[in-house]
Amino acid sequence: MNQFLLHGGDYNPEQWLDMPEILETDIERFLEAKINTVTLGVFSWAKLEPREGDYDFEWLSGIIDRLYENGIGVILATPSGARPHWLAQKYPEVLRVNEMGMRARFGGRHNHCLTSPVYREKVRRINGRLAERFGHHPAVKMWHISNELGGSCHCGLCQEAFRRWLKDRYGTIENLNDRWCTTFWSHTYDSFEQVEAPSRLGESALMGLNLDWRRFVSDQTMDFVEEEIRAIRDAGADQPAAVNMMYRFEGLDYAKLAQKVDMVSWDSYPVWHREKEWDTARDTAFWHDVIRGLKRKPFLLMESCPSSTNWQSVSKLKKPGMLSAASLQSIAHGSEGALYFQMRQSRGASEKFHGAVIDHYGGNDTRTFREVCGVGEELNHLSELAGCATRADAAIIYDWDNIWAMKDSQGPRNKGLHYEECVDKSYRALRRLGLNVDVVDQSASLDRYRFVAAPMQYLFHPGFEERIRSFVEEGGTFVMTYWSDVVDENDRCFLGGRPFGLTDVFGLRAEEIDGLYDGEENTVIPVQALSSGSRQLANMKEQYTCRYLCELVKPLGAQILMEYGRDFYAGEPAVLCNSYGKGLACYICADTEQSFYDDLYENLVREAGIICGWNGKIPEGVEVTSRENEEYVYWFIQNYNRAEVEIEIPEGDVILGDREGILKSFGSLVIRTKKTDGKGEHKNEI
């Protein structure tokens, strides 16, 4: 692990080889901005292999040597994200085929067939050559595998690979027919050879087929990544390998992909200043926690924008201070650095107006460059955080198979399930209490947590219900919402009542779910008459609004805490809790407003005995996050309001910011507190 936080980003010096004076100026600018790491080679294949088998690494070698002489490390990319023209022209099979059967022409990026033996061999060769040449260079610290992987191909090679994948998964065609429920609409298969990928031209109404195609595409991508890494390792390079992931990307199962690499990273491009900055900050924080949760280890912010993007609907500039706030937020949530796209602004083509550390003017007196220099200074002050972990007592379940299946379920709302909003409500409610939150999939161990929220877990993987049972039995608090535990891993509905295998744990059985029209509302209200000794909810409002989905359940021993206020199910249970073993299982039946989650979770967290990360209420628009090592806890306090905020500063060493008690707009304060017990643990409090 590095002994410092990384600062730098994507650099494309091949665009400036005919202007050596620019390359020299770049080094000067990098040193001034305390840039210590750059990523090279992401889309450089045509320059590295201009003709088949004719490799030219001299220009790259000179750049790497010059960077190393100036103390700047390199993340070296494999160039598979965009192939050269000669490769597509000579081997057209490397171009993808869409679901309509049309093969792509040359152009763009990420539109190659990952099954193609030719493409894999060409990638293996150039990866191996790069690793042989640079794998032992002291400047090279990490391998960046391809770039923003995604998409699918429907060519004959991929169709055959899909059939082999299905045969390995199901063994017999009879088993596949059973799992996919193909007797519906008389779509039974007689052999694996009859199966085709889902398409608007063919089959699209077998949810098991749709789900398995997504799994296959994800697995095939992972296999490609493994082959890329194998080529590097076979050539003798042993530096860590990483892939860069994307915001809200559903095309790949990131939880599984993360297990194929040494480190995960992601590219973060929030749309700042369109809404309240605090809303954008919470959304970005959630995705930092998603990426960290993939391996439950520090990650890397591989790309962010120093200024404005050019590909979003509006190219909005970051207001003064926002670059620092966004960069430090990534560090607070577990990143090992803050990297940018791009280091020098391209002169032409697609991203010539995308923000950069060094713009077309090239000077060092621009506002953006000076703010980048400021971030460099801040990261230097925080270098001791490199390698620090994030301890979280709370987790949220976020599972890619579940998302794929739920959004393809055809009911109860085919337009607007509002799943992301449902997840976000649980996340915001926990974060406003100062709790660190891990975001994990269903395969993750729950043992380290005390509070777990599972919003809309429509699909349950085999055995997940038993791990929930064990978690609650051993003293955990588990909160599940409506439209959960409905289907198995093949999108087949569970029989015998749901939540399947957990009706005794939650003390209820779900019976019906009502889809509300847009604009239609109901309410949930606290139950007034609670029997002596029953659970009490403190500081709840008289009623909360709910929309979109309202589930009707039959209590089987659970305590009813809230009920519906309107419609034919007025008075029916809306929120229930059930004591099971040493723990508590809670069920939320309706899509309720944010304030409901805020108030309910405050009650449940208090009852669970979890001490929050702040002594008192966190002001609106302020985020509190922590990282820790064996000796210290580091607290990040950040203000995402457009106005300054008065705040009580806790005890500890201030290593960034000051103790004035006023946190300016987009300002950050970092405090170091020493752990107090002998076991190297803390109670998540300041």
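Along the sequence shown, residues carry numbers from 1. Here the structure is a predicted model, which means the values were calculated and not measured. Note: hydrogens, waters and symmetry copies are ignored here, and every other heavy atom, side chains too, is used.
The existence of a salt bridge linking K34 and E378 is excluded, since no basic side-chain nitrogen approaches an acidic carboxylate oxygen closer than 4.0 Å. At a threshold of 4.0 Å, the pair D253-R215 does not count as salt-bridged, since none of the basic side-chain nitrogens sits closer than that to a carboxylate oxygen. Under the 4.0 Å criterion applied to side-chain N and carboxylate O atoms, E628 and K675 are assigned as salt-bridge partners. A salt bridge links D223 to R120: at least one charged side-chain nitrogen sits closer than 4.0 Å to a carboxylate oxygen. Taking the charged nitrogens against the carboxylate oxygens, K674 and E631 do have a contact shorter than 4.0 Å, which makes a salt bridge. The pair E228-K260 does not meet the salt-bridge criterion, since no charged nitrogen lies less than 4.0 angstrom from a carboxylate oxygen. Between D219 and R169 there is no salt bridge, since none of the side-chain N atoms of the basic residue sits less than 4.0 Å from a carboxylate O of the acidic one. A salt bridge links R109 with E148: at least one charged nitrogen is closer than 4.0 Å to a carboxylate oxygen. Salt-bridge annotation for R248 and D424: absent, with no side-chain N of the basic residue lying under 4.0 Å from a carboxylate O of the acidic one. Taking the charged nitrogens against the carboxylate oxygens, R66 and E24 do have a contact shorter than 4.0 Å, which makes a salt bridge.
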_Verdict with supporting geometry, R233 and D238, salt bridge (Lys or Arg N to Asp or Glu O under 4.0 Å)_ = CA-CA 6 Å; R233 300 288 181 247; D238 60 2; over 6 Å; no

*asked:* Between K141 and L76, does the side chain to side chain contact (heavy atoms under 4.5 Å, CB included) criterion hold? Intermediate values first, please.
replied: CA-CA 8 Å; K141 307 300 182 184; L76 189 56; over 6 Å; no

*Begin with the C-alpha distance, continue with both residues' side-chain angles, and end with the deciding distance and a verdict on side chain to side chain contact (heavy atoms under 4.5 Å, CB included) for H7 and V372.*
CA-CA 9 Å; H7 187 223; V372 169; 3.8 Å; yes

*Go through the steps for F57 and L130 under the test side chain to side chain contact (heavy atoms under 4.5 Å, CB included), then give the verdict.*
CA-CA 8 Å; F57 295 166; L130 284 168; 3.9 Å; yes

*side chain to side chain contact (heavy atoms under 4.5 Å, CB included) between V243 and Y254, intermediate numbers included*: CA-CA 10 Å; V243 292; Y254 277 168; over 6 Å; no

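If you check the side chains of Q345 and D359, you find no donor sitting under 3.5 Å from an acceptor. With 3.5 Å as the limit, one finds a donor-acceptor pair spanning the side chains of T673 and W635. With no hydrogens or angles considered, a side-chain donor-acceptor pair links S146 and S80 at under 3.5 Å. Using a 3.5 Å distance cut-off with no hydrogens or angles, the side chains of S383 and Q3 do not pair a donor with an acceptor. In this structure, a donor-acceptor pair under 3.5 Å is absent between the side chains of Y632 and E384. Side-chain atoms of D399 and H461 include a donor-acceptor pair closer than 3.5 Å. Side-chain contact check for E52 and Y91: at least one donor-acceptor pair (N or O, by modelled atom type) lies under 3.5 Å. Judged by distance alone, the side chains of N436 and R292 never bring a donor and an acceptor atom under 3.5 Å apart. No side-chain N or O of W400 forms a donor-acceptor pair with one of D441 less than 3.5 Å apart. Neither side chain, E371 nor T368, offers a donor N or O lying under 3.5 Å from an acceptor on the other.
Looking only at distances, no side-chain donor or acceptor of S330 sits under 3.5 Å from a matching main-chain atom of S335. Remark: side-chain polar atoms of N402 are paired, donor with acceptor, to backbone N or O of L459 under 3.5 angstrom. Side-chain atoms of S218 never come within 3.5 Å of backbone atoms of R214 as a donor-acceptor pair (strictly under, hydrogens ignored). Looking at Y640, its side chain does come within 3.5 Å of a backbone N or O of A325 through a donor-acceptor pair. Under a 3.5 Å cut-off, the side chain of T284 and the backbone N or O of T280 do form a donor-acceptor pair. S116 places no side-chain N or O within donor-acceptor distance of the main-chain N or O of C113, the cut-off being under 3.5 Å. In this structure, E336 contributes its side chain and F4 its backbone to no donor-acceptor pair below 3.5 Å. For W404 (side chain) and E250 (main-chain N/O), a donor-acceptor pair under 3.5 Å exists by modelled atom type. For E623 (side chain) and R282 (main-chain N/O), no donor-acceptor pair under 3.5 Å exists by modelled atom type. For N310 (side chain) and S350 (main-chain N/O), a donor-acceptor pair under 3.5 Å exists by modelled atom type.
From E69, atom CD reaches atom CD1 of I64 across 12.0 Å, with rounding to the nearest 0.5 Å. Between L31 atom CG and N70 atom CG the span is 5.0 Å, to the nearest 0.5 Å. Expressed to the nearest 0.5 Å, how far CE of M302 lies from CG of N244 amounts to 6.0 Å. In this structure, OG in S265 is found 6.0 Å from NE2 in H144, a value given to the nearest 0.5 Å. Interatomic distance, Q259 CD to E226 CD, rounded to the nearest 0.5 Å: 11.0 Å. Atom NZ of K122 sits about 7.0 Å away from atom CD of E49, to the nearest 0.5 Å.
Looking at every heavy atom in both residues, Q638 comes nearest to S668 through NE2-OG, 2.9 Å. For the pair P79 and N127, the tightest heavy-atom approach, listed with the atom from each and the gap, is CD-OD1, 3.8 Å. Considering all non-hydrogen atoms of both residues, H112 and R96 come closest at O-NE, 2.5 Å. For the residue pair T115 and A161, the shortest heavy atom distance occurs at CG2-CB, 4.0 Å. Across V357 and P306, no two heavy atoms sit closer than the pair N-CG, 3.8 Å. Smallest separation of non-hydrogen atoms from F106 and A88: CD1-CB, 3.6 Å.
Between H354 and F341, the two ring planes are perpendicular [angle over 60°; tilted spans 30° to 60°]. Ring geometry for F224 against Y119 counts as parallel: the plane angle stays under 30°, on a 0 to 90° scale with 60° as the upper cut. Ring planes of F134 and H137: tilted class, angle from 30 to 60°.
Atom NZ of K295 has more than 12 neighbouring heavy atoms from other residues, nucleotides or ligands inside a 6.0 Å radius. More than 12 heavy atoms of other residues, nucleotides or ligands shown are found within 6.0 angstrom of CZ on F43.
Across H288, Q329, R431, a single residue satisfies side chain to side chain donor-acceptor pair (under 3.5 Å) together with T625, and that is R431. For the side chain to side chain contact (heavy atoms under 4.5 Å, CB included) criterion with Y398, the lone passing option out of V440, V439, D289 is V439.
If you look at F636 and H333, their ring centroids are not closer than 6.0 Å. Aromatic rings from Y269 and W311 are positioned such that their centres are separated by under 6.0 Å.
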Considering only distance and modelled atom types, tabulate donor-acceptor pairs under 3.5 Å from the side chains of residues 444-453, sequence neighbours left out.
from	atom 1	to	atom 2	distance (Å)
S445	OG	D447	N	3.3
Y449	OH	R296	NH1	3.0
Y449	OH	D438	OD2	2.6
R450	NH2	A608	O	3.1
R450	NH2	G609	O	3.1

